[in-house]
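See below for the structure under consideration.
Whatever order the structure lists ligands and atoms in, that order sets their numbers, starting from 1.
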Amino acid sequence: MRELSGRACVVSTLSVLVLYYSLVSSEFADMEDIDSEVVVEDKREDAASGLQQLELNDAQEKIKMLESKLAMLESRLPSTTTYPDIKFRTYKDRKRILITGGAGFVGSHLVDKLMLDGHEVFVVDNYFTGSKRNIEQWLGHENFEMLHHDIVNPLFLEVDEIYHLASPASPPHYMYNPVKTIKTNTVGTVNMLGLAKRTKAKILIASTSEVYGDPEVHPQPESYWGNVNPIGPRACYDEGKRVAETLAYAYNKQSGVDVRVARIFNTYGPRMHANDGRVVSNFVIQALEKKPITIYGSGDQTRSFQYVSDLVSGLVALMASKYTQPVNIGNPEEKSINTFARLIRDMVGGDSQIVHMPPVEDDPQRRRPDITRAKAELHWEPLVPLEKGLAKTVEYFRKELSRTKHSDRNNGDPAEYLL
Ligand code: NAD
Ligand code: UDP
Ligand code: UDP
C-alpha cells in the first residue's frame, strides 16, 4: 500500500513537473516568436523583457526544486527485487528440504546450492551465530522460507530431507554457553530425528572431526573411536556431537529413520563469522588490520583445511548416496599452524608480526582426515586448492571490513563462492 501511494505521488509530481515545464517553455517560445516579428525599441518593452527573464529564472528555480523532490521520492521506493537464476523443477522432482542452522557459515552455502538447484528450502535458525545477511539473497523467493526458531523446542514441518547443522561450531562460541551447546546437540537432535521419523524424511547429521578428540591415530579413519576428555572445555561440543551420532543410529535401528552422518573437518571460506575466533578468520582479519597474528602454543599443531564449496558438494553427495555409516568430509592437505600463519600473512601482503600466546587446553595436536571412504562410497574428493580458497576468503573479509552501511542484498552472486 505504501509502495502504491509512493508511486502515485511520484507519478503526480512528475506530471506537475512536465506540465509546468511545458507551459513555461511554450510561453517562452511564443514570446521569442513575437520578438522576432516585432522590433520593439522603447523602454516599456525593455522592462517587459526584464520581467520575462525574472519569470524564467523563477521557473528554473521551481523546476530544480521539483526535480530534487522527485529524486527524494524515488529514493523512498523499494528497489525491484531480483534473485539469482535458479533451475526450474516441477513439483514432481522438487524436494522440500530443511536446513537447521541455515543462516550460519556452512548452512548458507548449502542453501545457495540447493536453491540454485531448484528445490524448496526451509531454514531454521535462532541466529546465535548465524545472520540474516548470509541468506538475504533468497528472502521473499517463492522457493525459500526462513523460520526464526530454536531447535531445542519441537518443530512441525512437512519435509523430504533434513540437513541438521544447527550448533555453534567455533570453540569460543560453543564454550560460551556449554549447557546450551549440549542441549542443541542432544535435545535439538532428538527433535530433528523425531521430525524425520514422523515425516519419513532422510536426515543428515553434521558431526565433526572433534569426535576423534586429540587423536592417537593419524590420519583419522571413520573406524577410529577417538580420544575425548569427557569433562574438558571442549566436551560440551565433542560429547554433544558423539551423542548426536549415537542418537542417529538409535533412531535408525529402532524406528527405521534413514540417517547420514558427515564427520566434517576444519572448513573455511566467505561468510565465516568475523568474530568467531577460528584460526582462518582470526589470521585473515589480523593480517588485513596489520595486527599481530596470534598463534596459540608452539604452532606445531596441525589442521587440514577444506574450502566450503567442497564441503557442500560432499554433504549433497552423502545425502544422495545410500551409504549410512559415518563419512569423513575434509581436505587431507595438512599444515602446521605456524605454516598457516605465514601463508596467510604473505597472501594478504601485510607486515603483521607473528606472536605466540599460551596454548589452549585440550587442543588436538594433529588432525587430518582419511577420506578413503568418501572417495569409494561418494566418489567425492576436495577440488579447491588452499591458495584459491584462501584468496576468495581474504577478498570476502577485505570487503566486509570496508563495509560502512547495512546491506542492500549486496552479498554477491552465490555462485561466485561455489568454486
Ligand atoms: P555456524 O556457527 O556458522 O552455524 C551454525 C548455525 O546454527 C548458526 O546459524 C546458529 O545461529 C545456528 N544455531 C545454533 N544453535 C541453534 C539452535 N539451538 N537452534 C537453531 N539454530 C541454532 O557454524 P558452521 O561452521 O556453519 O557449522 C555448521 C555445522 O557444521 C555445525 O553443526 C558444526 O558443528 C559443523 N562443523 C563445522 C565445521 C567447520 O569447520 N565449519 C567443522 C566441523 C563440524
Ligand atoms: N518432534 C518434533 N517434530 C515432529 C515430530 C516430533 O519436533 O514433527 C519432537 C517431539 O516433540 C519429540 C521428539 O521430536 O519430543 C522425539 O520424537 P519421537 O517421536 O521420537 O518421541 P516421542 O514423541 O514419542 O517422545
Ligand atoms: N589457533 C591459533 N590462533 C588463533 C585461533 C586458533 O593458533 O587465533 C589454533 C588453535 O589453537 C588450534 C587451531 O588453530 O590449534 C585451529 O583452531 P580453530 O579454533 O580454528 O579450530 P579447531 O580445529 O581447534 O576446532
Can you confirm, on distance only, whether ligand 1 has an N/O atom lying under 3.5 Å from any N/O atom belonging to S209? no
Among non-hydrogen protein atoms, atom 3 (O) of ligand 1 lies closest to F105 N, 2.9 Å
Considering the heavy atoms of G277, write down every atom of ligand 3 situated less than 4.0 Å from one of them. 5 (C)
Heteroatom proximity flag, F128 to ligand 1, N/O under 3.5 Å: yes
Measuring from the heavy atoms of M357, does anything fall under 4.0 Å of ligand 3? no
Contact partition for T184 relative to ligand 1, non-hydrogen atoms under 4.0 Å: side chain
For ligand 3, which atoms, with element, lie under 4.0 Å from some heavy atom of F283? 3 (N), 4 (C), 8 (O)
Would you say ligand 1 has an N or O under 3.5 Å from any N or O of T208? no
Among all protein heavy atoms in this structure, tell me which lies nearest to atom 21 (O) of ligand 3, with the distance rounded to 0.1 Å. N266 ND2, 3.5 Å
Taking N or O atoms only and a 3.5 Å limit, does G104 qualify as a polar contact for ligand 1? yes
Can you list the atoms of ligand 3 that are under 4.0 Å from a heavy atom of I295? 7 (O)
Please confirm whether E210 approaches ligand 3 to less than 4.0 Å, judged on its heavy atoms. yes
Under 4.0 Å, heavy-atom basis, I'd like to know which part of V190 is in contact with ligand 2: side chain, backbone, both or neither. both
H164 versus ligand 1: do any nitrogen or oxygen atoms come within less than 3.5 Å of each other? no
Less than 3.5 Å between some nitrogen or oxygen of S131 and one of ligand 1, yes or no? no
Would one find an N or O of L165, backbone or side chain, under 3.5 Å from an N or O of ligand 1? yes
When only distance counts, is T129 in polar contact with ligand 1, meaning an N/O pair under 3.5 Å? yes
Tell me whether P168 has any N or O atom under 3.5 angstrom from an N or O of ligand 1. no
Quick one: which of R303, K132, R278 has a heavy atom closest to atom 41 (N) of ligand 1? R278
Given V280, D363, N282, V279, which one has a non-hydrogen atom that is nearest to atom 18 (P) of ligand 3? V279
Is Y237 close enough to touch ligand 1? Criterion: a residue heavy atom under 4.0 Å from a ligand atom. yes
Which option, A169, A206, S167, S170, owns the non-hydrogen atom nearest atom 5 (C) of ligand 1? S167
Less than 6.0 Å separating the ring centroids of Y83 and F144? no
Using the rule side chain to side chain contact (heavy atoms under 4.5 Å, CB included), only one of K197, K202, K200, R198 pairs with V257; which is it? K197
Which of the atoms of ligand 3 are close to I337, meaning less than 4.0 Å from one of its heavy atoms? 7 (O), 13 (C), 14 (O)
Please work out whether any backbone atom (N, CA, C, O) or any side-chain heavy atom from C-beta onward of S207 is under 4.0 Å from ligand 1, and answer side chain, backbone, both or neither. backbone
Pick one of side chain, backbone, both or neither for how K197 approaches ligand 2, counting any non-hydrogen atom pair under 4.0 Å. side chain
So is P171 in contact with ligand 3, going by heavy-atom distances below 4.0 Å? yes
N or O pair under 3.5 Å between V152 and ligand 1: no
Which of the numbered atoms in ligand 3 are under 4.0 angstrom from any heavy atom belonging to Q301? 11 (O), 15 (O)
Out of R278, H356, R234, M272, whose heavy atom is nearest to atom 24 (O) of ligand 3? R234
Does the protein come close to atom 7 (O) of ligand 2 - that is, does one of its heavy atoms sit below 4.0 Å from that atom? yes
Where the closest heavy atom to atom 3 (N) of ligand 3 is concerned, which of D300, V360, D238, T294 has it? T294
Quick one: nearest non-hydrogen protein atom to atom 16 (C) of ligand 2, plus distance? Y251 OH, 3.5 Å
